[in-house]
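Written out below as structure tokens is the structure these notes cover.
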Amino acid sequence: MSILEMTMASASWKSPRVINGRCEIHFGANDVYTISLRQVVLSSSPDSGSKYIVVASSYYKGSVELALWQPGMTLWHVCSGVDIDSPKDLAFYQGKLYVLLRHRTHLFSCELEEDDRGFMVSRVELCLTELPQEGGAISCNMVVWRGELLLIIRHYTDDFLNSQLLKVQVFAVDVNTNPYGLTEIHSFSGDCIFVGSGGCKSFPASLHDGVEGDLIYFVPDEWKPRDRFVYSMRDGRMRPFAAQLLACYFDMPEDNLDFPMWLLPSQ
């Protein structure tokens with residue numbers, strides 16, 4: 001693996017080559033532009049006493065890119081590169097950072113290392129490029145559930161403007177095979193999962209009133225603005241939410257509404 005590294009007083013760069021990929025990924029310290037965060041994950045809780053890492057999907061110079069930070073660092077490290085553009089979901093799992101892309105069905109694993117400037121990505125691997133597909137298009141999300149890394153896949157018809165949801169599948173990712181393996185699952189053992197553009201989260205259903213186990217709660221994102229429904233892992237049935245979104249009561253066309261987001265407490 002070739003790594004190009006450059007350091008200056010106010011900035012640093014490192015470019016690890018993507019294993020199984022097409023090119024290098026460039027990580028540079030952001031000392032000029034501000035970034036706007038849209039999704040954030042932490043490697044561990046700030047209360048745990050360990051030195052945690054913050055990873056974010058961010059708007060940066062007109063595009064959605066990966067940004068990394070750690071307490072003590074004065075600058076964000078921002079990722080750029082054709083292979084890993086527009087991250088959709090992020091997750092720390094078994095000591096690695098996993099990045100799922102928005103516009104391509106690619107899953108990356110990233111290893112991190114510390115140096116005198118904080119930390120940096122030392123190794124990037126493209127570990128999954130093909131997903132089960134039925135119909136014309138898919139939308140995929142990623143979440144960690146009970147020690148498993150899960151992919152949640154929605155299958156749609158091929159009509160882009162009026163596409164219809166065909167089915168939902170959930171797969172556990174086997175990170176010990178090369179390439180990674182997928183095993184379909186049909187139960188969350190009484191837990192539930194919330195899916196939205198701001199990220200995904202799993203919870204025991206008993207923690208929240210009105211929430212049922214073995215369900216996935218979807219809210220719309222920019223890819224499918226009207227995709228708002230509940231999916232049952234037990235029988236594969238889909239139903240709309242019992243309650244409407246509050247913003248729909250203000251006589252505003254639905255197309256003009258902002259995308260809703262789950263606000264989830266930490267566990």
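- Contact check for F229 versus P240: no side-chain heavy atoms found under the 4.5 Å cut-off.
- In this structure, E125 and N20 have side chains that are in contact, with non-hydrogen atoms separated by less than 4.5 Å.
- R239 has a carboxylate O that lies under 4.0 Å from a charged side-chain N of E212, or vice versa, which qualifies the two as a salt bridge.
- Looking at L90, L107, V144, V173 one by one, the single match for side chain to side chain contact (heavy atoms under 4.5 Å, CB included) with Y98 turns out to be L107.
- Considering CD of Q39 and OG of S57, their distance stands at 6.0 Å, rounded to 0.5 Å.
- In this structure, CZ in F108 is found 11.5 Å from CD1 in I19, a value given to the nearest 0.5 Å.
- Put simply, the side chain of L42 does not reach to within 4.5 Å of the side chain of F92, judged on heavy atoms.
- Under the 4.5 Å side-chain criterion, counting only non-hydrogen atoms from C-beta, V121 is not in contact with L66.
- In this structure, the side chains of N141 and I153 stay at 4.5 Å or more apart for every pair of heavy atoms.
- In this structure, CD on E65 lies 7.0 Å from SG on C79, to the nearest 0.5 angstrom.
- V40 places a side-chain heavy atom less than 4.5 Å from the side chain of V54.
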*Dump the intermediate steps for side chain to side chain contact (heavy atoms under 4.5 Å, CB included) on V143 and D89, then the final yes or no.*
CA-CA 8 Å; V143 66; D89 274 342; over 6 Å; no
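- Side-chain contact between V230 and M238 is absent, with no heavy atoms from C-beta onward closer than 4.5 Å.
- Residues Q169 and H155 bring a donor and an acceptor atom of their side chains to less than 3.5 Å of each other.
- With sequence neighbours excluded, the residues forming a side-chain hydrogen bond (donor to acceptor under 3.5 Å, both in side chains) with S187 are D214, listed by chain and number.
- A heavy-atom distance below 4.5 Å is found between the side chains of I185 and W145.
- Scanning for ring-ring contact (aromatic ring centres under 6.0 Å, His included) contacts around F171 gives an empty result, with sequence neighbours left out.
- Ring orientation note: the planes of F194 and Y217 are close to parallel, at an angle under 30° on the 30°/60° scale.
- Using modelled atom types, one finds a donor on one side chain and an acceptor on the other under 3.5 Å when comparing S139 with K88.
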